[in-house]
Amino acid sequence: MDQGTTVSELWRPDLYQARDVDSGGSGGPDFLPGLGRFILSAKFTLVVCRDCGLVRLFAQPEARAKLKDSKKWKAV
């Protein structure tokens, strides 16, 4: 998993990853606006800690590649 994972997370046996999920659709909010394709939402990789329940969302590389040129996102 090369999604910005920190070294400490790599050694945790209690992290789980599911299949990639859409970042929007079905009338819900679009969490990655402007980073998908035409009518398709960008995708997330979800990682859950079995021990504490922390959930992290990682945008797929295709979505991240569009950030710099997107008018809907700005650098912070």
Side-chain angles (χ1 to χ4, degrees):
M1 170 178 47
D2 184 49
Q3 303 288 332
T5 306
T6 64
V7 174
S8 63
E9 292 172 329
L10 291 175
W11 302 106
R12 296 193 57 149
D14 54 350
L15 294 180
Y16 290 80
Q17 177 180 334
R19 65 176 179 82
D20 294 338
V21 296
D22 290 331
S23 65
S26 299
D30 184 3
F31 290 104
L32 295 173
L35 302 182
R37 292 182 295 152
F38 190 52
I39 61 171
L40 299 175
S41 297
K43 295 207 178 263
F44 283 129
T45 298
L46 298 169
V47 177
V48 175
C49 176
R50 183 188 67 204
D51 186 45
C52 71
L54 176 68
V55 177
R56 290 197 173 179
L57 309 172
F58 296 94
Q60 290 292 302
E62 297 83 11
R64 296 191 322 256
K66 296 179 181 180
L67 279 169
K68 187 175 179 183
D69 297 326
S70 177
K71 292 180 173 46
K72 296 186 179 191
W73 294 86
K74 64 178 183 174
V76 291

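Quick note: numbers below take in every heavy atom, side chains included, and nothing from hydrogens, waters or symmetry partners. Everything numeric in this text was worked out from a predicted model, so none of it was measured. Along the sequence shown, the residues carry numbers beginning at 1.
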*Apart from Ile39 itself, which Ile, Leu, Val, Met, Phe, Trp or Tyr residues share its cluster (side-chain heavy atoms under 4.5 Å, direct or through members)?*
Phe38
_Closest non-hydrogen atom pair between Ser41 and Gly24, with its separation_ = OG-O, 3.2 Å
_Cluster check Leu67, Phe58: I/L/V/M/F/W/Y, side chain < 4.5 angstrom_ = no
*asked:* Taking salt bridge (Lys or Arg N to Asp or Glu O under 4.0 Å) as the definition, give me every residue that meets it alongside Asp22, ordered by chain and number, with sequence neighbours left out.
replied: Lys43
*Side-chain contact, heavy-atom cut-off 4.5 Å: Leu46 with Leu57?*
yes
_Set of salt bridge (Lys or Arg N to Asp or Glu O under 4.0 Å) partners for Asp69, sequence neighbours left out_ = none
*Over all heavy atoms of both residues, which pair between Arg50 and Tyr16 is shortest? Give the atoms and the distance, please.*
NH1-OH, 2.8 Å
*Non-neighbouring partners of Asp51 that pass side chain to side chain donor-acceptor pair (under 3.5 Å), sequence neighbours left out*: none
*Do you know which two heavy atoms are closest between Trp73 and Leu32, and how far apart they sit?*
CZ2-CA, 3.8 Å
*asked:* Show me the pairs that pass salt bridge (charged side-chain N to carboxylate O under 4.0 Å, His left out) and involve residues 27-42, at least two apart or across chains.
replied: none
*Shared ILVMFWY cluster between Val21 and Val55, side chains joined below 4.5 angstrom?*
yes
*Working to the nearest 0.5 Å, report the span between OG1 of Thr45 and CZ of Arg19.*
11.5 Å
